[in-house]
Amino acid sequence: MSNPKKVTQKPDTAFDPSGLSTKKENKKLGKLYVWELPVRIFHWLNALAIVVLMITGIFIGKPFVSASIQEEASFSFLMGWVRYIHFFAAFVFSGNLLVRLYWVYKGNSYATSNPFKKIFWVEAWETVKYYLFLPNKKTHTIGHNTLAQFSYWVFIGLGSIVMMLTGYYMYFEPQFDSSFWGIGAFFSYVGILFGGDSFSVRSWHHIVSWGFMIFIVVHIYMSFREDWLSRNGTLSSIVTGYKTEKVHENQKKENHSEGDKSA
């Protein structure tokens, strides 16, 4: 009767981004503090602002509700109130984005992103191949992978700038010179960037808003997908800040103390 084989647990193998070398690391599952409080506040405030902007924006473009009593529009002021809510949500959206851009440089390693580095695009391409079921050297990322980061730069970054420029153009139009100590005069030049007339500016605002809607659907799907496949608490982490990952014991202690301070 042969002796049963002794099974030893192999340490995790971590690949470097180039995929050319490996190193062995002994890690255990533990709670890792990933999303700091400012990041979580930004996420939910941004989500709320975008939903309000979409609903009110669609109503402004094509009203789907009318006043219960058919009378002079100024009596119910329905469109006026919808516009006020749209403007207020736009101000919240703009201020929230500025804080998040600041936190890209101020926050922890999971809150930062640098698309100007070569490794960013190398890892993004490996992630694309991973989602296309092609041979790849994609590394596990605790925060957002580089492809997700790229999508945020395009939609939450560039897309938000386009929405704000075109939105404030329409807000100040047509009295650019008499608005907020001359701030409106600055946005009068936005028309030059987006076609030179009011219709073109509105068209850009409309098209990019639909891009946001598509982004939201994909974002929610990918979040559920990652949570289901990785079983690391991706969905709950945007509320608590913590993910379940393989970490060193000393790293676990450091992150718990950091989380207690930030959360």
Side-chain angles (χ1 to χ4, degrees), residues 12-19 22 25 27-51 54 96-97 100 103-104 107-115 117 119-160 211-248 251-252 254-256 258-259 262-263:
D12 292 337
T13 302
F15 291 85
D16 68 355
S18 64
T22 60
E25 299 180 348
K27 297 182 178 181
K28 295 181 180 180
L29 282 176
K31 292 290 184 180
L32 186 65
Y33 189 65
V34 179
W35 308 126
E36 297 170 297
L37 183 60
V39 174
R40 301 191 322 259
I41 292 176
F42 163 80
H43 177 275
W44 292 112
L45 197 58
N46 198 54
L48 178 61
I50 290 176
V51 170
M54 287 194 304
N96 194 40
L97 182 65
R100 182 62 181 91
W103 208 254
V104 169
N108 62 16
S109 60
Y110 308 114
T112 60
S113 176
N114 189 351
K117 291 184 177 181
I119 190 62
F120 179 94
W121 299 102
V122 172
E123 293 180 350
W125 175 239
E126 293 300 324
T127 306
V128 169
K129 292 194 292 184
Y130 166 77
Y131 286 121
L132 293 177
F133 302 102
L134 298 175
N136 64 86
K137 297 176 182 177
K138 178 184 177 296
T139 57
H140 174 69
T141 50
I142 296 175
H144 296 304
N145 63 55
T146 48
L147 186 62
Q149 293 176 34
F150 174 71
S151 70
Y152 297 147
W153 279 115
V154 171
F155 289 96
I156 305 301
L158 180 61
S160 295
F212 266 86
M213 296 181 195
I214 296 173
F215 169 80
I216 289 173
V217 173
V218 175
H219 174 68
I220 293 175
Y221 163 73
M222 295 301 290
S223 298
F224 274 94
R225 178 185 185 276
E226 178 66 18
D227 187 85
W228 176 260
L229 294 179
S230 298
R231 307 285 179 162
N232 62 353
T234 295
L235 292 177
S236 61
S237 68
I238 202 59
V239 177
T240 65
Y242 289 91
K243 280 188 173 183
T244 302
E245 297 285 351
K246 290 183 178 180
V247 296
H248 292 291
Q251 184 181 6
K252 189 191 304 183
E254 290 174 2
N255 277 275
H256 271 290
E258 181 184 358
S262 301

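Keep in mind that the numbers below use all heavy atoms, side chains included, and drop hydrogens, waters and symmetry copies.
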Pro115 and Phe150, any side-chain heavy atoms less than 4.5 Å apart = no

Drop me the distance from Ile50's CD1 to Phe215's CZ, to the nearest 0.5 angstrom.
-> 7.5 Å

Centre of Tyr242's six-membered ring, under 6.0 Å away, within 45 degrees of the axis: is that where NZ or CZ of Lys31 sits?
-> no

Would you say the side chain of His43 lies within less than 4.5 Å of the side chain of Val39, judging by non-hydrogen atoms?
-> no

Quick one: pull up CG in Leu45 and CG in Asn96 and give me the separation to the nearest 0.5 Å.
-> 4.5 Å

Do Met213 and Met54 have side-chain heavy atoms sitting under 4.5 Å apart?
-> yes

Report yes if some heavy atom in the side chain of Phe212 is under 4.5 Å from a heavy atom in the side chain of Ile156; otherwise report no.
-> yes

So, does Ser230 use its side chain to make a donor-acceptor pair with the main chain of Asp227 at under 3.5 Å?
-> no

Supply the atom-to-atom distance Phe224 CZ to Leu229 CG, rounded to the nearest 0.5 angstrom.
-> 13.0 Å

Please say whether more than 12 non-hydrogen atoms of neighbouring residues, nucleotides or ligands are located less than 6.0 Å from OH in Tyr131.
-> yes

Minimum heavy-atom separation for Ser223 to Thr234, with atom names?
-> O-CG2, 4.1 Å

Once the angle between the rings of Tyr152 and His219 is folded into 0 to 90°, is it parallel (under 30°), tilted (30 to 60°) or perpendicular (over 60°)?
-> perpendicular

Asn46 and Arg100: CA distance, side-chain angles, deciding distance, side-chain contact (heavy atoms from CB on, under 4.5 Å) verdict | CA-CA 10 Å; Asn46 198 54; Arg100 182 62 181 91; over 6 Å; no

Over 12 foreign heavy atoms within 6.0 Å of NZ, Lys129 | yes

Step through the shown structure and confirm whether more than 12 heavy atoms of other residues, nucleotides or ligands are within 6.0 Å of CH2 on Trp125.
-> no

Verify side-chain contact (heavy atoms from CB on, under 4.5 Å) between Phe155 and Ser160, making sure each step is shown before the conclusion.
-> CA-CA 6 Å; Phe155 289 96; Ser160 295; over 6 Å; no

In Å, rounded to the nearest 0.5 Å, how long is the span from CD1 of Ile142 to CG of Leu32?
-> 5.0 Å

Test item: side-chain donor near acceptor, Glu126 and Asn136, under 3.5 Å = no

Is there side-chain contact between Ser237 and Val34, with heavy atoms separated by less than 4.5 Å?
-> no

Return yes if some donor-acceptor pair links the side-chain N/O of Gln149 with the main-chain N/O of His144 below 3.5 Å, else return no.
-> yes

What distance separates Leu147 CG from Thr141 OG1, expressed to the nearest 0.5 Å?
-> 10.0 Å

Lys/Arg cation over aromatic Trp44: Arg40, 6.0 Å, 45° cone = no

Calculate, to the nearest 0.5 Å, the distance between atoms OG1 and CG belonging to Thr127 and Asn145 respectively.
-> 4.5 Å

Exercise: identify the closest heavy-atom pair between Ser236 and Gly233 = OG-O, 3.3 Å

Name of the residue among Tyr33, Trp35, Tyr110 meeting side-chain contact (heavy atoms from CB on, under 4.5 Å) with Lys243 = Trp35

Do His140 and Glu245 touch side chain to side chain, with heavy atoms closer than 4.5 Å?
-> yes

